[in-house]
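Side-chain atoms are counted along with the backbone in the values below, which use heavy atoms only and exclude waters and symmetry mates.
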Amino acid sequence: MNLPPLVQSFVLHFGEMGSRWGINRTVGQIYALLYVSPEPLCADEIVAALGISRSNVSMGLRELQAWSLVLLKHLPGDRRDFFTTPDDIWVILRTLAEERKKREVDPTLSVLREILIEQPASDIERHAQQRMAEMHSMIERLTNWYDDVKQLDQERLASLLTLGSRVTKLLETTDRIVSLGRKRRPATRD
């Protein structure tokens, strides 16, 4: 790699993490390089910086474009394609969440829905279907929560994230208030 040590450390780490996130190591490295680059880069500059083949860079850029994680830029007077990432980290986070939902969560929900409408033929299938119904219900709740959260503007989303464990304390307080309200209600006569 032909990168400053600090940048190289980040790029190498992102490549290793990419493989854990289900993407090719090279794709992770390309993304990391583009993310920290002060200027958009063309494919040849990425090849030179990372020391990988032109075909690997082309495939990696196509994959990142399919994920909507890189932006194509054209520079005046230059016919080459240049690439960069969105500047706003929140846009990147939202894009990643939406793409993962489309590629992983939505197909799983579809398969579960199809399986759950079938008639079980045995006790084993009934048990399996019950477990799948629980999974479907949880994933659906998370999806509904995600749909609500993605509507939040950036400032509110940042506030929600900084609340952390205080959300739990708020829920516990709400439970106590509701519980007290139930105890104080006068008995009703039928």
Side-chain angles (χ1 to χ4, degrees), residues 1-73 75 80-112 135-136 138-168:
M1 284 189 182
N2 185 18
L3 299 169
L6 183 129
V7 173
Q8 183 171 331
S9 293
F10 179 72
V11 168
L12 288 172
H13 175 73
F14 230 79
E16 295 305 314
M17 291 308 298
S19 63
R20 293 181 184 149
W21 297 329
I23 61 170
N24 179 302
R25 179 176 54 91
T26 303
V27 173
Q29 290 177 347
I30 293 169
Y31 183 78
L33 177 64
L34 291 171
Y35 180 76
V36 297
S37 177
E39 301 293 327
L41 301 175
C42 70
D44 292 332
E45 292 169 322
I46 297 169
V47 166
L50 298 179
I52 56 178
S53 72
R54 180 75 157 80
S55 62
N56 270 352
V57 169
S58 293
M59 288 187 315
L61 288 169
R62 276 196 299 276
E63 186 171 341
L64 289 167
Q65 285 177 303
W67 277 80
S68 303
L69 289 173
V70 296
L71 306 170
L72 179 63
K73 296 280 184 176
L75 301 180
R80 297 176 296 177
D81 291 337
F82 287 81
F83 301 90
T84 189
T85 62
D87 291 331
D88 188 341
I89 192 73
W90 290 100
V91 169
I92 296 168
L93 177 67
R94 288 175 190 263
T95 300
L96 276 171
E98 191 61 34
E99 288 297 321
R100 291 207 74 127
K101 180 183 172 295
K102 274 195 297 193
R103 295 165 191 257
E104 298 168 21
V105 176
D106 292 346
T108 301
L109 281 174
S110 293
V111 168
L112 286 170
M135 180 183 287
H136 177 268
M138 176 55 70
I139 294 172
E140 192 118 285
R141 269 191 237 129
L142 286 170
T143 301
N144 291 338
W145 176 80
Y146 167 74
D147 288 339
D148 290 342
V149 168
K150 78 179 183 183
Q151 301 302 321
L152 296 175
D153 63 47
Q154 185 174 314
E155 192 174 307
R156 286 222 180 247
L157 184 55
S159 295
L160 177 63
L161 291 176
T162 58
L163 285 174
S165 65
R166 290 178 286 188
V167 170
T168 304

Do L34 and L61 come within less than 4.5 Å of each other through their side chains, counting heavy atoms only? yes
Quick check: are there more than 12 heavy atoms from other residues, nucleotides or ligands sitting under 6.0 Å from CZ of F10? yes
Smallest separation among heavy atoms of T108 and E104, with atom names: OG1-O, 2.8 Å
Kindly give the heavy-atom pair with the smallest separation between V91 and P86, and that separation in Å. CG1-CB, 4.0 Å
Residue M135 excluded, over 12 heavy atoms near CE under 6.0 Å: no
Residues S58 and R62: side-chain donor-acceptor under 3.5 angstrom: no
With a 4.0 Å cut-off, would you call R94 and E98 a salt bridge? no
Shortest non-hydrogen pair, F14 vs G28, comes out as CD2-O, 3.5 Å
By the definition side-chain contact (heavy atoms from CB on, under 4.5 Å), identify the one residue from D44, T26, I46 that meets it with V57. I46
K73 atom NZ, over 12 foreign heavy atoms within 6.0 Å: no
Which heavy atom of R54 sits nearest a heavy atom of A43, and at what distance? NH1-CB, 3.3 Å
E45 (side chain) donor-acceptor with C42 (main chain) under 3.5 angstrom: yes
Is it the case that over 12 heavy atoms from other parts of the model lie below 6.0 angstrom from the CG atom of L161? yes
